[in-house]
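Only this structure's heavy atoms are used, side chains among them; waters, hydrogens and symmetry mates stay out. Here the structure is a predicted model, which means the values were calculated and not measured. We count ligands from 1, going down the list as the structure has it; atoms in each ligand are counted the same way.
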Amino acid sequence: MPAIDQLAAAKRTNPLYTPEQATVIFVLGGPGAGKGTQCAKLVQDYGFKHLSAGDLLREEQDRPGSEFGDMIKSYIKEGTIVPMEVTIQLLENAMGAAIEKEGKKMFLIDGFPRKMDQALHFEKTVVPSKFTLFFDCPEDVMEERLINRGKTSGRADDNAESIKKRFKTFVETSMPVVDAFEKEGRVVKVMATRSPEEVYEDVKVGLKTKGIEVPTFKFVAN
Ligand code: ADP
Ligand code: C5P
Ligand code: MG
């Protein structure tokens, strides 16, 4: 990718897609709330394309020759938010590929937007979101899940010190995004404390309130 200020998303002033070309649902919630777990279930039943901003950043961090690798690594370790131009460009690239190569139109954008500037810029330059699916989970539950995940995830930020920093960023920087969408009536909130299966039942009910139902045909994984 070129220098940050040269990225296409940084320069554009109109949305790249109409909501008909790309239906986007943002999936938010604190670290460990279960976003990835629920998105995997939604992919199976509804055929969404799941794009996790964190996964895309980790991939870019590990890509040989990436000029953003070191920067991303330090932001992730510190639990702070990577400059939006990079994350939005990665999302835009992944959406474009899914639309062109897989014919996808429905997207779950997981772990994004985590900061107000990301929300405003994405909706202005890529596509306005349909709504936000928000997983509400107390910190003690998320902490336990993350410590557990850390035993096998190999993630540099699933440790007590980084988790503390990520919670602080979530409260101070990411929750205001959810609050702003909520004020606009654009949030479907689901309690995330019960089992994955029980949470998923509530997710399906929530999606139905926005007119999204499980298709009658089965999606073939690709
Ligand atoms: P996020 O993507 O929001 O950070 P994950 O989906 O990776 O969260 O879940 C964090 C950890 O908690 C994972 O180890 C996952 O298996 C586990 N987990 C997810 N949902 C639940 C749940 N409802 N109850 C118990 N554990 C869960
Ligand atoms: O969502 P996930 O927990 O995988 O995100 C891991 C880290 O990636 C975050 O703590 C943050 O440092 C970075 N990130 C970001 N901007 C996003 C999503 C993730 O900077 N929108
Ligand atoms: Mg995740």
Side-chain angles (χ1 to χ4, degrees), residues 4 9 24 26-43 50-62 68-92 94-95 107-123 126 129 132-159 161-178 190-203:
I4 282 191
V24 164
F26 291 144
V27 181
L28 295 176
K35 301 181 292 295
T37 302
Q38 295 300 320
C39 283
K41 293 181 179 295
L42 287 166
V43 164
H50 172 217
L51 296 175
S52 154
D55 286 351
L56 291 171
L57 286 166
R58 281 183 288 274
E59 219 173 87
E60 177 67 16
Q61 172 199 293
D62 297 336
F68 302 121
D70 290 343
M71 177 190 79
I72 293 171
K73 197 176 215 157
S74 70
Y75 276 91
I76 287 183
K77 186 89 199 295
E78 290 304 309
T80 46
I81 306 300
V82 173
M84 63 159 182
E85 292 83 355
V86 172
T87 313
I88 292 176
Q89 189 67 54
L90 291 171
L91 284 169
E92 191 182 312
M95 282 177 71
F107 293 88
L108 296 171
I109 308 255
D110 161 3
F112 179 96
R114 286 261 229 309
K115 194 171 172 179
M116 212 53 226
D117 67 346
Q118 296 185 342
L120 297 171
H121 201 73
F122 182 93
E123 294 205 309
V126 184
S129 65
T132 292
L133 179 59
F134 172 60
F135 291 103
D136 198 4
C137 197
E139 256 181 34
D140 57 339
V141 175
M142 296 195 287
E143 185 178 13
E144 196 187 335
R145 289 181 186 175
L146 290 174
I147 296 286
N148 242 322
R149 189 176 71 183
K151 291 174 190 162
T152 53
S153 69
R155 280 179 53 158
D157 58 352
D158 278 349
N159 58 75
E161 199 184 323
S162 291
I163 289 170
K164 215 176 188 177
K165 293 175 179 171
R166 291 158 72 196
F167 285 166
K168 185 169 159 30
T169 301
F170 175 66
V171 171
E172 291 177 358
T173 310
S174 306
M175 215 34 222
V177 177
V178 180
V190 172
M191 270 310 295
T193 42
R194 296 192 295 161
S195 72
E197 294 71 28
E198 288 169 314
V199 173
Y200 186 56
E201 288 308 311
D202 292 344
V203 168

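The aromatic rings of F122 and F26 sit perpendicular, their planes meeting at an angle over 60°, well past the 30° parallel limit.
The protein heavy-atom contact nearest to atom 15 (C) of ligand 1 is T37 OG1, 3.7 Å. The protein non-hydrogen atom at the shortest distance from atom 25 (C) of ligand 1 is R145 NE, 3.6 Å.
The neighbour count for D70 CG, taken as heavy atoms of other residues, nucleotides or ligands under 6.0 Å away, does not exceed 12.
Residue contacts with ligand 1: G29 is excluded, as none of its non-hydrogen atoms falls under 4.0 Å. Within the structure, ligand 1 lacks M142 among the residues with a heavy atom less than 4.0 angstrom away.
Residue L146 places no N or O, backbone or side chain, under 3.5 Å from any N or O of ligand 1. Any N or O atom pair closer than 3.5 Å counts here, and G34 shares at least one such pair with ligand 1.
Under the side chain to side chain contact (heavy atoms under 4.5 Å, CB included) criterion, N148 pairs with K151, not counting sequence neighbours. With sequence neighbours excluded, no residue forms a side-chain hydrogen bond (donor to acceptor under 3.5 Å, both in side chains) with R145.
Under the salt bridge (Lys or Arg N to Asp or Glu O under 4.0 Å) criterion, the residue pairs touching residues 163-176 are E78-K165, D157-R166, D158-R166, E161-K165, K168-E172, with sequence neighbours excluded.
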Could you list each nitrogen or oxygen of ligand 2 that sits under 3.5 Å from a protein nitrogen or oxygen, with the atom names and the distance?
unit_1: ligand 2; atom_1: 1 (O); unit_2: R114; atom_2: NH1; d: 3.2
unit_1: ligand 2; atom_1: 1 (O); unit_2: R114; atom_2: NH2; d: 2.9
unit_1: ligand 2; atom_1: 3 (O); unit_2: R114; atom_2: NH2; d: 3.3
unit_1: ligand 2; atom_1: 3 (O); unit_2: R155; atom_2: NH2; d: 3.0
unit_1: ligand 2; atom_1: 4 (O); unit_2: R58; atom_2: NH1; d: 3.0
unit_1: ligand 2; atom_1: 4 (O); unit_2: R58; atom_2: NH2; d: 2.9
unit_1: ligand 2; atom_1: 4 (O); unit_2: R155; atom_2: NH1; d: 3.3
unit_1: ligand 2; atom_1: 4 (O); unit_2: R155; atom_2: NH2; d: 3.4
unit_1: ligand 2; atom_1: 5 (O); unit_2: R114; atom_2: NH2; d: 3.1
unit_1: ligand 2; atom_1: 12 (O); unit_2: T80; atom_2: O; d: 2.7
unit_1: ligand 2; atom_1: 20 (O); unit_2: V82; atom_2: N; d: 2.7
unit_1: ligand 2; atom_1: 21 (N); unit_2: G111; atom_2: O; d: 3.0
unit_1: ligand 2; atom_1: 21 (N); unit_2: Q118; atom_2: OE1; d: 3.3

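The part of R194 lying near ligand 1 is the backbone, judged by heavy-atom distances below 4.0 Å.
Here E85 contributes atom CD and I88 contributes atom CD1; the two are 7.0 Å apart, rounded to the nearest 0.5 Å.
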